[in-house]
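In what follows, a structure is listed as structure tokens, so that the remarks can point back to it.
Remember, predicted model here, so these are calculated numbers, not experimental data. No hydrogens, no waters, no symmetry mates; every other heavy atom, side chains included, goes into these values. Within every chain, numbering begins at 1; the chains are lettered A, B, ... in the order of the sequence lines, protein sequences first and strands thereafter.
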There are 2 protein chains.
Amino acid sequence: MIALPDLDPRSGRAVFRQIADGLRDAITSGQLGSGARLPSEAELVERYGTARATVRQALAILATEGLVVAEHGRGVFVRVRPALRRLAADRFSRKHREAGLSAFIAEVTASGHESSVDRLSVTTAPASESVAERLELPAGAQVVVRSRRYLVDGRPVQSAVSYLPADIAGGTAIAEPDPGPGGIYARLEELGHQLERLSESLVARMPVPDEVADLELPPGVPVVGLVRIAYATNGRPVELCETVLAGDSFVLEYELPAR
Amino acid sequence: MIALPDLDPRSGRAVFRQIADGLRDAITSGQLGSGARLPSEAELVERYGTARATVRQALAILATEGLVVAEHGRGVFVRVRPALRRLAADRFSRKHREAGLSAFIAEVTASGHESSVDRLSVTTAPASESVAERLELPAGAQVVVRSRRYLVDGRPVQSAVSYLPADIAGGTAIAEPDPGPGGIYARLEELGHQLERLSESLVARMPVPDEVADLELPPGVPVVGLVRIAYATNGRPVELCETVLAGDSFVLEYELPAR
DNA sequence: AAGTGGTCTAGACCACTCT
DNA sequence: GAGTGGTCTAGACCACTTT
């Protein structure tokens, strides 16, 4: 059993917070390393002489901070943080497309990991109001909808849905499950829609329950909601992509103009 | 008292999760709008015939999801989400500097809100190993350290620490609390350090307790850790800025090269 | 079988807000 | 003072993992 600080009854700080503080210090100081098991609830009850509900409250704090994960029947463990995956500013560069790689696969393969895609579905359907507006399409216009989930070393890290105007993508390889080498951007360019710029906007937030299930997220892990719009050289938006990233798996990199 | 679904004893789902599900539906469906008060714990105990601890567990779920905030003595309320503040891709553009505005103030003022800065401190100190490395300075080199907190309409939304090589910034307006019109980037350019590019990297994560206090974050709100390095035209890094953003207050916008 | 966390009960007392 | 959430106790039974 690791060393833990005594309670300070004069501090006025709630007992469960003091217990959480002690455990947090043990984790951040490295006394409890990544993957280490915390003292069991019973041990903490004994150590501090409190009710079990109180030590559970302490552990719940650490769980929502993303510091620990409980495993039923096994114990509570310091969370192992996945290696951060770079999403680099040049990930949609033409050189990757010309190398025949889609952006995600190029990125992951470069880091020596296994990437895969599942839950792939491709349909054609009328655009929702919000999608039509952002693609600058008339209400109810048909769009090709490509939905998929990305995995690294077998673990889901990202799910994405792309919408493309059906008058561009319909009947092409883009409407097929496998769009071919270089991904849909390579096909768009072959179809004469040279990409001019990509605009991304991001928000960080806590996941909704659906996203927790989809990405198999432990408690205390936020997501990044990312919306990308690809514009062709004529200024027309040719793709809208809505992505949800597991927040603990990515570092996003961008370049900003100084001019 | 709003309508809430009955428990389903055959579902196998924990009672507190079922209660949370019902309340979450009421919130996401709009039945309980932004700022609305939830039924009190006592009312929920009565409604569901469970122990108080059980309804508190349900409410705790919603709190960690960032959906509700409890106010001691008043009730539990649907969280009012602050208006998302755009951090646009051009926020460091020279036109803003030439207009005499720093990036943050330009951004906020454009949206018709009040911005302010507090907890401003400027010191000169030896760089830590990590700072020296990223600024490509020898170990222990002196850096000007500018630390500050940004507020919008009086509420903290961002805290930031900038590090600049003392051989560039020492003894200049950059080492003063008020660096003058256009901010430190305007001063850097006047000193002959034309900015070439800015590189930003971002991660989303749950805040540590210090950050919760600094930014007055309610539970269930992640932060974005943002690191920016500004490079001069000669390729030299001239500023490292480490920023923590309240995740629920910002949407970040970037442009990506398609080439 | 023993040990772990997951769920739930039925209380108690406290601190805060509102009227 | 009445109503609200915040903290804490002392149990109980269950489900899962390990030996």
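Checking the phosphate oxygens (OP1, OP2) of C/dT9, a side-chain nitrogen or oxygen of B/Thr54 falls inside 4.0 Å. Between A/Arg74 and D/dC16 there is no side-chain N or O to OP1 or OP2 distance below 4.0 Å. OP1 or OP2 of D/dT4 lies within a sub-4.0 Å distance of a side-chain N or O belonging to B/Ser40. Look at B/Arg56 and you won't find any side-chain N or O under 4.0 angstrom from OP1 or OP2 of C/dC8. At C/dT7, one or more side-chain N or O atoms of B/Arg17 fall inside 4.0 Å of OP1 or OP2 (strictly under the cut-off).
Whole-Å rounding puts the B/Leu44 CG to D/dT4 P distance at 11 Å. For B/Arg37 and C/dT17, the CZ to P distance is 15 Å, given to the nearest whole Å. Summarising the geometry, the separation between CD on B/Glu46 and P on D/dT4 is reported as 11 Å, rounded to the nearest angstrom. Nucleotide C/dC8 holds its C1' atom 13 Å from the CG atom of B/Leu7, rounded to whole Å. Remark: C1' of D/dC14 and CZ of B/Phe16 are 14 Å apart, rounded to the nearest angstrom. Computed from coordinates, the A/Gln57 CD to D/dG6 C1' distance equals 8 Å when rounded to whole Å. The separation between A/Tyr48 atom OH and D/dC8 atom C1' is 17 Å, rounded to whole Å.
A salt bridge is absent between B/Arg149 and B/Glu211: the closest approach of a Lys/Arg side-chain nitrogen to an acidic carboxylate oxygen does not fall below 4.0 angstrom. Salt-bridge check for A/Glu216 with A/Arg155: failed, with every basic side-chain N at 4.0 Å or more from each acidic carboxylate O.
Side chains of B/Arg148 and B/Ser162: a donor on one and an acceptor on the other come within 3.5 Å. A donor atom on one side chain and an acceptor atom on the other are found under 3.5 Å apart for A/Ser130 and A/Arg134.
Of the inter-residue distances, the one linking A/Ser199 atom OG with B/Tyr254 atom OH reads 12.5 Å to the nearest 0.5 angstrom.
Where stacking is scored as ring centres under 5.5 Å apart with planes under 30°, B/His72 registers as stacked on the base of C/dA15.
Of the two residues near DNA chain D, B/Ala70 and A/Gly73, the one whose nearest nucleotide lies more 5' is B/Ala70. Along DNA chain D, the nucleotide closest to A/Arg13 and the one closest to A/Glu71 are compared, and the more 5′ of them pairs with A/Arg13. A residue-by-residue look at A/Ala53 and A/Leu59 shows that A/Leu59 has its nearest nucleotide of DNA chain C further toward the 5' end.
When the nucleotides D/dT7, C/dG5, D/dG5 are ranked by their closest atom to the side chain of B/Glu41, D/dG5 comes out on top. Listed candidates were C/dT7, D/dT7, C/dA10. Nearest to the side chain of B/Ala51 is C/dA10.
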